[in-house]
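Report on one structure; see the data block that follows.
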Amino acid sequence: MALIVQKYGGTSVGSIEKIRGVAERVVKHHKEGNQIVVVLSAMAGQTDFLIQLAHEMTDDPDPRELDVLVSTGEQVSVALFAMAVKTMGYDARSFLGFQVAIHTSNLYGKARIHNIETDRIVKELQKGRIVAVAGFQGLDENGDITTLGRGGSDTTAVALAASLKADVCEIYTDVDGVYTTDPSICPKAKRLDFISYEEMLEMASQGAKVLEIRSVEFAKKYNVPIHVRSTFSNERGTMVIAETKDMERVMVSGVAYSKNDSRVTIKKVPDKPGVASQIFEPIFKSGIVVDMIVQNTSEDGLTDMTFTVPQSDFYKTMKLVSGVAGKIGAEKVLGDEGVAKVSIIGVGMRSHAGVAQKMFAALAKENINIMMISTSEIKVSCVIEEKYTELAVRVLHKAFGLDDEKKANQ
Ligand code: ADP
Ligand code: ASP
Ligand code: MG
């Protein structure tokens with residue numbers, strides 16, 4: 001008997017019919033003798049709708065109340081799912097984050113899971129029930145509802161799998177696995193049979209939303225195998241697992257992009273100790289994730305500092321930075337709300353020279369200007385104008401041999 005955590009995303013539970021379909025699939029696995037814990041997202045479009053409602057009420061919704069509101073989407077799905085299972089003659093119980101309980105930090109909208117109590121779930125499983133847990137939500141130390149950030153149901157699922165020591169965490173979605181790049185913008189994208197945690201972490205960090213970043217962090221830390229697969233077929237998908245020797249052979253295994261970035265530049269900052277810390281402290285304290293940071297060489301003791309943040313945090317960041325800029329005597333703050341980032345990812349990069357140059361040349365050939373560059377051991381990212389995103393992804397996919405049938409899957 002295996003213990004399996006299965007997560008179904010928004011499109012997979014987008015209608016009553018689809019929820020019934022999910023219930024049928026879960027019951028089938030249950031009848032095969034497995035213990036199943038199901039994590040569900042809100043029905044497709046619901047979270048966006050709830051956020052929109054909040055913004056119709058006020059420009060600046062209170063973060064605590066926003067979490068109370070947006071967490072209701074998942075409550076609807078788990079309840080309907082449990083009802084569907086019961087109509088099939090099997091027993092299911094739905095639980096919200098606080099009932100489990102899933103304990104998190106108190107950063108509303110971006111809470112981190114600290115620990116999960118599993119007693120209640122284990123008891124329900126022992127009674128032969130199917131357990132459904134609302135994704136994306138938890139409770140903080142004051143007993144208030146928190147949410148984990150967009151796409152956070154993946155994290156709920158993997159964290160639950162780790163806490164329950166499940167055999168596998170299956171992520172059911174609208175694609176049949178992890179591809180060399182987003183198949184919705186690159187028709188030549190190829191499905192991978194497996195990908196290492198490290199590569200998946202970079203892919204997710206660089207924008208491949210098929211898995212949420214923190215879910216991969218959890219999986220890597222607790223060695224939870226993730227199987228990304230389609231809700232609408234029975235085919236095997238992609239296994240996300242620890243790195244194996246064979247993976248080394250591929251120089252670049254994927255191309256990722258993100259259109260949700262923005263760029264902030266502080267002009268003529270005094271170049272002296274403590275300035276960077278003064279600039280970034282309020283940003284980090286607000287839980288805003290700064291991605292790339294570039295500091296120019298200093299001229300006459302003054303320098304320019306440029307960095308990227310998620311578009312959703314752009315206005316907040318501009319406000320915070322403008323406050324600091326006055327204090328430290330910087331000249332001005334410039335912002336560019338919409339930039340894109342394209343990245344190539346591959347563990348094989350460690351042993352290949354010239355990968356970055358090949359990327360720059362491929363972009364240059366299409367006349368795509370590179371605004372910022374950042375590299376790690378297994379990734380190169382370039383910030384470019386948003387309108388070139390799709391073109392850049394396709395060009396890089398081709399340049400690194402990923403269009404080629406044979407190379408795509410190790
Ligand atoms: P869910 O609602 O099931 O959580 P998401 O929309 O969050 O699904 O994630 C699935 C989507 O991720 C796919 O429809 C696809 O467009 C996108 N995606 C981006 N990059 C990749 C990739 N490398 N492989 C597969 N899908 C990707
Ligand atoms: N419903 C949430 C969202 O749309 C969480 C999730 O689907 O994973 O972001
Ligand atoms: Mg998702």
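Sequential numbering from 1 along the given sequence is applied to the chain's residues. Start at 1 and go down the list; that is how both ligands and their atoms are numbered. We use all heavy atoms of the structure for the numbers below, so side chains are in, but hydrogens, waters and symmetry mates are not.
Heavy-atom contacts of Gly151 reach the following atoms of ligand 2: 3 (C), 5 (C), 6 (C), 8 (O), 9 (O) (cutoff under 4.0 Å). Set against the non-hydrogen atoms of Tyr179, the atoms of ligand 1 under 4.0 Å away are 22 (C), 23 (N), 24 (N), 25 (C). The distance from ligand 1 to the heavy atoms of Ser184 drops below 4.0 Å at these ligand atoms: 16 (O). Ligand 1 places these atoms under 4.0 Å from at least one heavy atom of Val178: 24 (N). Using a 4.0 Å cut-off to heavy atoms of Asp174, the atoms of ligand 1 that qualify are 10 (C), 11 (C), 13 (C), 14 (O). If you number the atoms of ligand 1 from 1 as listed, the ones under 4.0 Å from a heavy atom of Thr173 come out as 1 (P), 3 (O), 8 (O), 10 (C). Ligand 1 places these atoms under 4.0 Å from at least one heavy atom of Gly10: 2 (O). Which parts of ligand 1 touch Met203 is read off a 4.0 Å heavy-atom cut-off, strictly below it: atoms 23 (N). In summary, the atoms of ligand 2 found under 4.0 Å from a heavy atom of Ser153, numbered by their order in the structure, are 5 (C), 6 (C), 7 (O), 8 (O).
Among all protein heavy atoms, the one lying closest to atom 7 (O) of ligand 2 is Ser41 OG, 3.0 Å. At the shortest separation from atom 1 (N) of ligand 2 among protein heavy atoms lies Glu74 OE2, 2.6 Å. Looking from atom 25 (C) of ligand 1 to the surrounding protein, the closest heavy atom is Gly177 O, 3.4 Å. Counting protein heavy atoms only, atom 3 (C) of ligand 2 is closest to Arg150 NE, 3.3 Å. Of the protein's non-hydrogen atoms, Val210 CB, 3.6 Å is the one closest to atom 26 (N) of ligand 1. For atom 7 (O) of ligand 1, the closest heavy atom belonging to the protein is Lys209 O, 3.5 Å. Of all protein heavy atoms, the one closest to atom 4 (O) of ligand 1 is Lys7 NZ, 3.0 Å. Looking only at heavy atoms of the protein, atom 17 (C) of ligand 1 is closest to Asp182 OD1, 3.7 Å.
Between Glu217 and Lys221, no side-chain nitrogen of the basic residue sits less than 4.0 Å from a carboxylate oxygen of the acidic one, so the salt-bridge criterion is not met. Ion pairing between a basic and an acidic side chain is recognised when a charged N comes within 4.0 Å of a carboxylate O; Lys259 and Glu390 show such pairing. By the 4.0 Å N-to-carboxylate-O rule, Glu212 lies too far from Arg214 to be salt-bridged with it. The pair Asp291-Lys341 counts as a salt bridge, with a side-chain nitrogen and a carboxylate oxygen less than 4.0 angstrom apart. One finds no salt bridge joining Glu24 and Arg20 here, because no Lys/Arg side-chain nitrogen approaches an Asp/Glu carboxylate oxygen to under 4.0 Å. Between Lys268 and Glu331 a salt bridge is recorded (basic side-chain N to carboxylate O distance below 4.0 Å). Lys209 and Asp154 are not joined by a salt bridge, as no carboxylate oxygen comes within less than 4.0 angstrom of a charged side-chain nitrogen. Of the charged side-chain nitrogens involved, at least one lies within less than 4.0 Å of a carboxylate oxygen, so that Arg150 and Asp48 count as a salt-bridged pair.
The proximity of Thr181 to ligand 1, defined as any non-hydrogen pair under 4.0 Å, is limited to the backbone. Looking at Gln46 against ligand 2, nothing comes within 4.0 Å, counting heavy atoms. Here Pro183 has side-chain heavy atoms under 4.0 Å from ligand 1, and that is the only part of it that gets that close.
At least one heavy atom of Gly152 sits closer than 4.0 Å to an atom of ligand 2. Not a single heavy atom of Gly135 sits less than 4.0 Å from an atom of ligand 2. Residue contacts with ligand 2: Glu212 is excluded, as none of its non-hydrogen atoms falls under 4.0 Å. For the pair Ala256 and ligand 1, no heavy-atom separation below 4.0 Å is found. Remark: distances from the non-hydrogen atoms of Glu212 to ligand 1 are all 4.0 Å or more.
Note that CD of Glu377 is 10.0 Å distant from OG of Ser351, once rounded to the nearest 0.5 Å.
When each of Thr265, Thr303, Thr306 is checked for a side-chain contact (heavy atoms from CB on, under 4.5 Å) with Asn296, only Thr303 meets the rule.
Annotation for Met57: atom CE does not count as buried by contact number, only 12 or fewer foreign heavy atoms lying within 6.0 Å. The 12-atom threshold is not exceeded at NZ of Lys165, counting heavy atoms of other residues, nucleotides or ligands nearer than 6.0 Å.
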Checklist entry - Going through the distances and angles, do Thr104 and Thr146 end up as a side chain to side chain donor-acceptor pair (under 3.5 Å)? => result CA-CA 7 Å; Thr104 72; Thr146 54; 2.7 Å; yes

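For ligand 1, the polar-atom distance check against Ser12 finds no nitrogen or oxygen pair separated by under 3.5 Å. Looking at Val175 next to ligand 1, no N or O pair under 3.5 Å apart turns up. In terms of polar-atom proximity, defined here as any N/O pair under 3.5 Å, Asp154 makes no such contact with ligand 1.
The minimum heavy-atom distance linking Val13 with Val22 is given by the pair CG1-CG2, 4.2 Å. Residues Ser12 and Thr231 approach most closely at OG-OG1, 2.7 Å, considering heavy atoms.
Side-chain contact check for His397 and Asp403: at least one donor-acceptor pair (N or O, by modelled atom type) lies under 3.5 Å.
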